[in-house]
Amino acid sequence: MDGLRDPDVETFVGAMGTRMRADAETVGVGLRTLEIQVRLHLPRLSRPAVAGWSPDKVYEEIRLQAVVRAAQVRQSAEDAAHQAHASVLLNVNKAHRDLSLSFGDGYRTRLRFAEVRPSVGHLIQSRLHYLHSERADTVLQFGLFLPGATMPITYAAFSRCDRQYVMDALTGHGLDVNPDRIMVLTRMHGLAGIPANLMSLTIARAVREIRAVNAGDYVITAYNPMLGFGGTSFLASGFRPIALSPVAYRYDDKGLFQTRRIAGASVPQLLDTPDNVLMVLGATSAAKRSVAGIESLIRVPRRTHSGGDHVRPVPADFTSPQWTERLLGYRRMLESCWSDRTVHPRYQEPPVAAGDPRGQCGVTSVWLARRLRADLLLEPVYCYGRLRVGRHDGRHDGRHDAEDVSHHCWVEIGPADDPRRFVIDLTGDQSDAVREPIILGEHRTLADRGLRYETAASLRLDELPKDRVWPRFLALDDRLRDLEDPRRQP
């Protein structure tokens, strides 16, 4: 795997060690934190620049962006360490497989493995993780906690497999897999100063939990040699390399790295970079046996990776009575979690009554979009706009004086210009003319019924963490988790 390193990049990093160390000390972060950001922003430059310019000139071209990102980590890391009770880790000798910690002075304590609250996971992914980009489709997130802490000292987040090239890498090795039985380890993070083996222990406990709740047969992840990673924690956890896959580096108008899942204007990389290493771990006994025989690597073609083809969704008939009942169940469950923390500010004065859908359409639609991605691997669209109620063709249906919903959110499935796209609205009864709590059907069919959905803006699920609705959604998701298990409450 050492052959995957880029010699020009490694030469540059080695030459700039003294300058990076000085900048890291100025910012107040570890050298490795800054180095990762330097490596992440280096592909903005061309091969002739990286190989031909002086190391100092190359560093000046990316120094500001790398230092800014490292400083952002610093701003949140101190507070995170306080909430994690990280000072307890001073003078720790060893972390044991039973999650106990032993110290040089004879003191011992035990870590707690648990799910991480959505709002805490948001902080880790968006502010502490080196990518500074939250995965909106996170379905499971776990961590190790010191006694009494609300912030974990280690963190692992999982999503469903939604990329076809990952499926192709697995089937290319003869594995019989379904995307809804694959979990993808998308984010990992550990606070500074933790024992080295805690990351692999976190992975092992997380995979054990995935197996216990029957969430998947295989776990997929990747590590990036370009960033100086060697996959040590993954190899220690039993992952096996299966493929080499291209990496897409993109940068915004300020030169800051952004993931390709985030839409918007961006500039692609100029440097030809090393591949990522895709790895797989069997979560079940049968999957472990299937993985054990893999000894070669498949190379994912760049055109396949850059195409970003999504896996085929799980079939679902939303018009069936079974789905209608399921959606009604979602509505009843979400009603119990609506509060003044989840309602749109417009409806906080005067406050709406418990169970009133007004102002709750945004958080409800975000939750539904996430659920449809997780359960069915769909690509739902979060829509904001207006719901006009009543016919506009001159015919009378008894609802011509009904009140429109001027500021409304809902979910659509299908292209925006397709009149057959499917609308799912879990809070359509904000209008006094809508008697049922949910509305669902083809866009054109609903319009014929006098329910006209007019979109002013739409966002893909991956774009939602940047929207103003996201903090209110996290409050909803936190509450849902707390109601499922009161022990999760802080």
Side-chain angles (χ1 to χ4, degrees), residues 1-7 9 39-40 43 130-131 133 135 137 156-188 199-200 203-204 206-207 210 215-250 259-261 268-269 271-284 286-312 377 462:
M1 294 303 174
D2 290 339
L4 294 174
R5 298 289 181 91
D6 186 311
V9 171
R39 290 173 176 269
L40 193 62
Y130 68 90
L131 291 178
S133 179
R135 282 290 295 257
D137 60 350
F158 299 82
S159 298
R160 294 292 181 190
C161 177
D162 64 348
R163 299 295 186 184
Q164 186 59 45
Y165 75 85
V166 176
M167 291 293 299
D168 292 344
L170 292 168
T171 57
H173 284 288
L175 300 182
D176 183 15
V177 293
N178 293 312
D180 58 332
R181 298 297 301 167
I182 300 171
M183 299 298 294
V184 182
L185 174 54
T186 60
R187 298 287 188 269
M188 286 194 68
M199 297 309 298
S200 58
I203 295 173
V207 172
I210 288 172
D217 301 320
Y218 297 90
V219 177
I220 287 284
T221 195
Y223 73 86
N224 190 341
M226 169 70 184
L227 301 186
F229 295 118
T232 304
S233 295
F234 299 141
L235 292 170
S237 303
F239 279 90
R240 296 181 74 92
I242 60 169
L244 300 178
S245 174
V247 187
Y249 299 85
R250 304 193 69 87
T259 66
R260 69 171 181 160
R261 287 178 177 267
Q269 69 194 77
L271 187 69
D272 51 310
T273 52
D275 288 336
N276 267 3
V277 180
L278 290 182
M279 310 185 82
V280 65
L281 176 69
T284 64
K288 290 178 181 177
R289 290 193 295 269
S290 298
V291 168
I294 297 177
E295 296 182 352
S296 60
L297 294 176
I298 290 174
R299 186 173 293 275
V300 176
R302 184 165 293 277
R303 65 180 181 277
T304 301
H305 179 268
S306 61
D309 291 343
H310 290 266
V311 299
R312 183 174 300 176
L377 302 173
D462 296 318

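What you see below is based on every heavy atom in this structure, not just the backbone, and it leaves out hydrogens, waters and symmetry mates. Just so we're clear, the structure is a prediction, and the values are computed from it rather than from any experiment.
Annotation: side chain of Ile182 is in contact with side chain of Met167 (closest heavy-atom distance under 4.5 Å). Asp137 is not listed as a side-chain neighbour of Arg160, based on a closest heavy-atom distance of 4.5 Å or more. Residues Val184 and Val219 are not in side-chain contact: their nearest non-hydrogen atoms beyond the backbone lie 4.5 Å or more apart. Two residues are said to be in side-chain contact when any heavy atoms from C-beta on lie closer than 4.5 Å; Ser296 and His173 meet this criterion. In this structure, Ile220 and Ile242 have side chains that are in contact, with non-hydrogen atoms separated by less than 4.5 Å. Residues Leu271 and Met226 form a side-chain contact, since some pair of their non-hydrogen atoms from C-beta on lies under 4.5 Å apart. The shortest side-chain heavy-atom distance between Thr273 and Asp6 does not fall under the 4.5 Å cut-off. In this structure, Leu227 and Leu40 have side chains that are in contact, with non-hydrogen atoms separated by less than 4.5 Å.
Asn276 and Pro225 get closest at one heavy-atom pair: CA-CD, 4.2 Å. The two residues Leu278 and Ala222 make their nearest non-hydrogen contact at CD2-CB, 3.7 Å. Nearest heavy-atom pair, Ile210 versus Gly216, reported as atom, atom and distance to 0.1 Å: CG2-N, 3.8 Å. Shortest non-hydrogen contact noted between Pro241 and Ile294 is O-CG2, 4.0 Å. Closest heavy-atom contact between Ala283 and Ala287: N-CB, 4.1 Å. Closest approach of Asp168 to Thr171, counting heavy atoms only: O-OG1, 3.3 Å.
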*Might you work through the side-chain contact (heavy atoms from CB on, under 4.5 Å) test for Gln269 and Arg250, ending with a clear yes or no?*
CA-CA 6 Å; Gln269 69 194 77; Arg250 304 193 69 87; over 6 Å; no

*List the steps and the verdict of side-chain contact (heavy atoms from CB on, under 4.5 Å) for Val277 and Leu244.*
CA-CA 5 Å; Val277 180; Leu244 300 178; 4.0 Å; yes

*Does the pair Arg135 and Thr259 meet the rule for a side-chain contact (heavy atoms from CB on, under 4.5 Å), with working shown?*
CA-CA 10 Å; Arg135 282 290 295 257; Thr259 66; over 6 Å; no

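Tested against Phe234, the residues Met199, Arg240, Met188 include a single side chain to side chain contact (heavy atoms under 4.5 Å, CB included) partner, Met188.
Atom CE in Met279 sits 4.0 Å away from atom CG in Leu235 (nearest 0.5 Å). Here CZ of Arg260 is found 12.5 Å from OG of Ser133. Values are rounded to the nearest 0.5 Å. Between the CG atom of Asp180 and the CZ atom of Arg312 there is a distance of 13.5 Å, given to the nearest 0.5 Å. Taken from CG in Leu377 to CG in Asp162, the straight-line distance is 7.5 Å, to the nearest 0.5 Å. Once rounded to the nearest 0.5 Å, the distance linking CG of Leu175 with OH of Tyr218 reads 4.5 Å. The SG atom of Cys161 lies 10.5 Å from the CG atom of Asn178; values are rounded to the nearest 0.5 Å.
The aromatic rings of Tyr130 and Phe229 lie tilted to each other, with the angle between the two planes from 30° to 60°.
When atom types are taken as modelled, the side chain of His305 and the backbone of Pro246 share a donor-acceptor pair closer than 3.5 angstrom. Put simply, the side chain of Thr304 never gets that close to the backbone of Tyr165: no donor and acceptor are under 3.5 Å apart.
Residue Asp272 places its CG atom among more than 12 non-hydrogen atoms of other residues, nucleotides or ligands, all under 6.0 Å distant.
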